[in-house]
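Inspection log for the structure reproduced underneath, given as structure tokens.
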Amino acid sequence: MERKKFVLLDIDYITENNAAVVRLFGKLVGENGNRSIIAKDKSFKPYIYVLPHDIETCITELEDLNIQKVEKVKKQDVGVLKEFLKLTLKHPQDVPKLREKIWSLDSVDAVREHDIPFYRRYLIDKGLFPMSEIQVEGKSLNSNFTSEEDPYIFEIIGDPQPLESGLPELKVLSFDIEACNPKGMPQEKEDPIIMISVSSNQGLRKVYSTKTSSFDFVEVLNDEKELLEKFVEVVKSENPDLITGYNTDVFDFPYIRDRAALLGVTLDLGVDGSEIKFMRRGFANSAVIKGRVHVDLYPSMRRFLQLDRYTLERVYMEIFDKEKKDIDGEEINACWENGGERLEELFEYSLDDAVAVTKIGSEMLPLSMALTRLVGQPLFDIARMATGQQVEWYLIRKAFEYGDIVPNKPSNSQIANRRKIEGGYVKDPVKGLHKNIVYFDFRSLYPSIIISKNVSPDTRVDDCDEENCYIAPEVGYKFLKEPVGFVPSVIGDVLQERVRVKTRMKETSDPHEKHVLDVQQEALKRVANTMYGVYGFIRFRWYCLECADSITAWGREFIKNTMKESEELGFKPIYADTDGFYATYLGSSDEDREYS
DNA sequence: AGCCCACGGGG
DNA sequence: GTGTACGTGGGCT
């Protein structure tokens with residue numbers, strides 16, 4: 001029996017001998033070098049829940065299906081304890097194959113938790129959080145005959161153990177490609193890749209190109225094929241934990257894929273030697289490299305920053321308040337064709353893009369990593385999820401911890417029938433240019449309403465006397481005062497944890513630790529402040545129109561009262577929306593204030 | 001007012 | 001892969 005400790009970077013599953021094998025990808029800690037590990041777990045089995053109409057008949061009817069195990073279990077379903085059947089299946093892909101058939105049985109009322117991807121189920125059930133350290137016991141499958149550069153292949157015996165650990169220091173490789181076309185955007189069928197720039201958070205700065213330069217950082221390759229092969233070689237030898245870029249899901253990686261296919265280059269960038277894959281994720285595609293986390297910073301920036309445009313230049317300016325070297329897309333072709341000074345400039349620009357991505361990554365990845373450690377799903381997914389989805393997966397994990405059954409994802413017809421909520425209070429702005437503006441911030445208002453009024457799908461009742469419930473103004477929906485609802489309880493945990501983190505922040509004098517804790521409390525704040533959104537977003541599992549309407553009703557009442565009170569204190573409200581209101585102060589002070 | 005469609009980023 | 005989907009703004013009818 002051996003023991004290995006590693007930072008959990010990513011997870012997936014493969015099929016071996018018709019059975020699912022979960023693979024945990026990581027970087028070993030407490031050992032020399034920069035060595036990857038792939039730890040396999042054969043023991044985890046997929047399962048779903050069935051809500052039977054008639055439990056004994058149901059068990060009989062299920063016998064004919066290809067199910068490994070049927071157990072009776074009690075779970076909370078929207079506040080009601082019910083008896084479910086837990087069906088253990090033989091393979092994750094049996095779930096989509098069998099669920100319709102099971103649902104159509106006369107003895108079955110509903111199938112639940114049939115839409116949770118297997119690797120996510122594993123992370124939740126085992127209590128594991130990517131971007132933190134875990135320890136596994138088991139045996140090595142390849143220690144005797146591999147070189148230092150190959151990943152350690154390991155078979156897990158027993159459960160992996162989560163370890164207390166800070167934010168890991170990871171190796172991040174950023175890259176950017178250039179290609180050009182005299183008429184506009186380069187076309188992958190015609191236009192070759194002319195340079196690939198790479199940069200790392202450990203100081204690497206290189207441009208690979210098919211033309212020469214007087215710059216030391218430029219290395220010349222004979223042709224485009226060699227250029228692509230060089231890129232693959234660099235990724236393998238650097239062995240980064242993260243690969244970042246800007247719009248790499250949609251532009252750089254697909255372009256590299258198409259050129260590589262044309263030139264016969266194998267893009268075996270994965271830690272396990274696998275080739276890069278492309279996944280359709282909603283309306284966007286994403287590039288998957290097994291064992292390394294490919295983070296396209298573009299979608300993350302759209303969530304973290306509130307801008308009119310999200311070009312790399314604009315984002316860089318916003319974060320660093322500095323201009324980034326930029327060449328107009330239409331000039332790139334001329335720079336390349338004409339050579340000379342302009343070509344040298346292009347080399348600089350190309351490297352600068354890769355370096356800018358590294359810098360933006362150093363600034364923003366800690367927040368994505370903190371969210372990953374909080375939500376408990378892979379960074380790859382977190383970096384591409386809307387905040388509402390992040391919250392949903394956080395709630396799914398909490399539901400597991402609380403012994404609650406997770407609501408199903410709404411079907412398309414259910415979504416079509418769901419109504420969007422009436423927004424918060426909006427006061428039309430007073431026209432004009434105002435001085436001495438103060439902002440009263442209410443973004444933390446909704447979490448506190450959810451907690452103080454116990455707003456949750458499982459506490460909502462139609463009939464209840466005033467003593468035992470809270471009644472929302474205007475809309476009149478009722479919520480039991482006791483017991484504490486699922487969502488209020490989770491938000492309570494989040495806010496409490498945030499207080500604990502902020503306290504630790506004050507106690508520490510180490511600036512690095514302070515920063516890490518600050519990012520952690522920021523992640524907790526984001527999740528808490530987005531939590532109310534799950535009620536009002538039509539495609540969410542915990543959608544509850546009555547809850548959403550009640551929260552905004554209480555919010556409007558509170559905003560109006562606060563505006564009235566502020567007027568008595570000498571403020572004049574100018575404009576209000578859901579998140580807060582602007583007012584001018586008629587006194588002389590123009591200092592910024594925040595009210596919550 | 002309601003529907004359809006394109007766009008975002010990237011060179 | 002226990003996949004599959006966003007929000008918005010403009011033009012047109």
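Within 4.0 Å of A:Pro186, counting heavy atoms only, lies at least one base atom of the nucleic acid. As judged by a 4.0 angstrom heavy-atom cut-off over every strand, A:Glu178 is placed among residues touching the sugar-phosphate backbone only. Backbone-only contact: A:Ile332 has heavy atoms under 4.0 Å from sugar-phosphate atoms and none from a base. Within 4.0 Å of A:Arg120, counting heavy atoms only, lies no atom of the nucleic acid at all. Contacts of A:Ile177 with the nucleic acid, taken as non-hydrogen atoms under 4.0 Å apart, involve only primed sugar atoms and P, OP1 or OP2. Note on A:Arg281: nothing from the nucleic acid sits closer than 4.0 angstrom, heavy atoms only. At the heavy-atom level, A:Ile327 lies nowhere under 4.0 Å from the strands shown. Within the 4.0 angstrom heavy-atom criterion, only backbone atoms of the sugar-phosphate kind lie near A:Tyr349; the bases stay farther away. Residue contacts for A:Tyr255: at a heavy-atom cut-off of 4.0 Å it reaches no nucleic acid atom on any strand shown.
A tilted orientation is assigned to the rings of A:Phe175 and A:Phe253, their planes being inclined by 30° to 60°. Between A:Phe44 and A:Tyr47, the ring-plane angle classifies as perpendicular under the 30° and 60° cut-offs. Taking the six-membered ring where tryptophan is involved, the planes of A:His294 and A:Phe380 are tilted, since the angle between them lies from 30° to 60°.
The side chain of A:Arg280 has C:dT4 as its nearest neighbour among C:dT4, B:dG11, C:dG1. Among C:dA5, B:dG9, C:dG1, the nucleotide with an atom closest to any side-chain atom of A:Arg539 is C:dA5. With C:dT2, B:dG9, B:dG10 as the candidates, the nucleotide lying closest to the side chain of A:Tyr298 is B:dG9. Each of C:dT2, B:dG11, C:dG1 was ranked by its minimum atom distance to the side chain of A:Asp353; first place goes to B:dG11. Relative to the side chain of A:Lys409, the nucleotides C:dG3, B:dG8, B:dG11 differ in distance, and C:dG3 lies closest. When distances run from any side-chain atom of A:Asp176 to the nucleotides B:dG11, B:dG9, C:dT2, the shortest one goes to B:dG11. Comparing C:dG1, B:dG10, C:dT2 by their nearest atom to the side chain of A:Met279 picks out C:dG1. Comparing B:dG9, B:dG11, C:dT2 against the side chain of A:Thr311 picks out B:dG9 as the nearest.
Between the C1' atom of C:dG3 and the CZ atom of A:Arg121 lies a distance of 17 Å, rounded to the nearest Å. As rounded to whole Å, 23 Å separates atom P of C:dG3 from atom CZ of A:Phe278. One can place CG of A:Asp249 at 17 Å from P of B:dG8, the figure rounded to the nearest angstrom. To the nearest angstrom, P of C:dA5 lies 12 Å from CD of A:Glu392. The distance between atom CG of A:Leu307 and atom P of C:dG7, rounded to the nearest whole Å, is 19 Å. Between the NZ atom of A:Lys97 and the P atom of C:dT2 there is a distance of 12 Å, given to the nearest Å. In this structure, A:Glu113 atom CD and C:dT2 atom P are separated by 15 Å, rounded to whole Å. The NZ atom of A:Lys90 sits 19 Å away from the P atom of C:dT2 (whole-angstrom rounding).
Distance noted for atom P between B:dG9 and C:dG10: 15 Å (whole Å). Between the P atoms of C:dC6 and B:dG10, the separation comes to 23 Å (whole Å).
Each of A:Leu371, A:Leu374, A:Thr530 was scored for a side-chain contact (heavy atoms from CB on, under 4.5 Å) with A:Tyr394, with one residue passing: A:Leu374.
Counting only heavy atoms from C-beta outward, the side chains of A:Leu123 and A:Pro378 approach each other to under 4.5 Å. At a threshold of 4.5 Å between non-hydrogen side-chain atoms, the residues A:Phe537 and A:Tyr543 do not count as touching.
The side chain of A:Arg99 contributes no N or O atom lying less than 4.0 Å from OP1 or OP2 of C:dT2.
Between A:Phe347 and A:Phe215, a ring centre-to-centre spacing not shorter than 6.0 Å is recorded.
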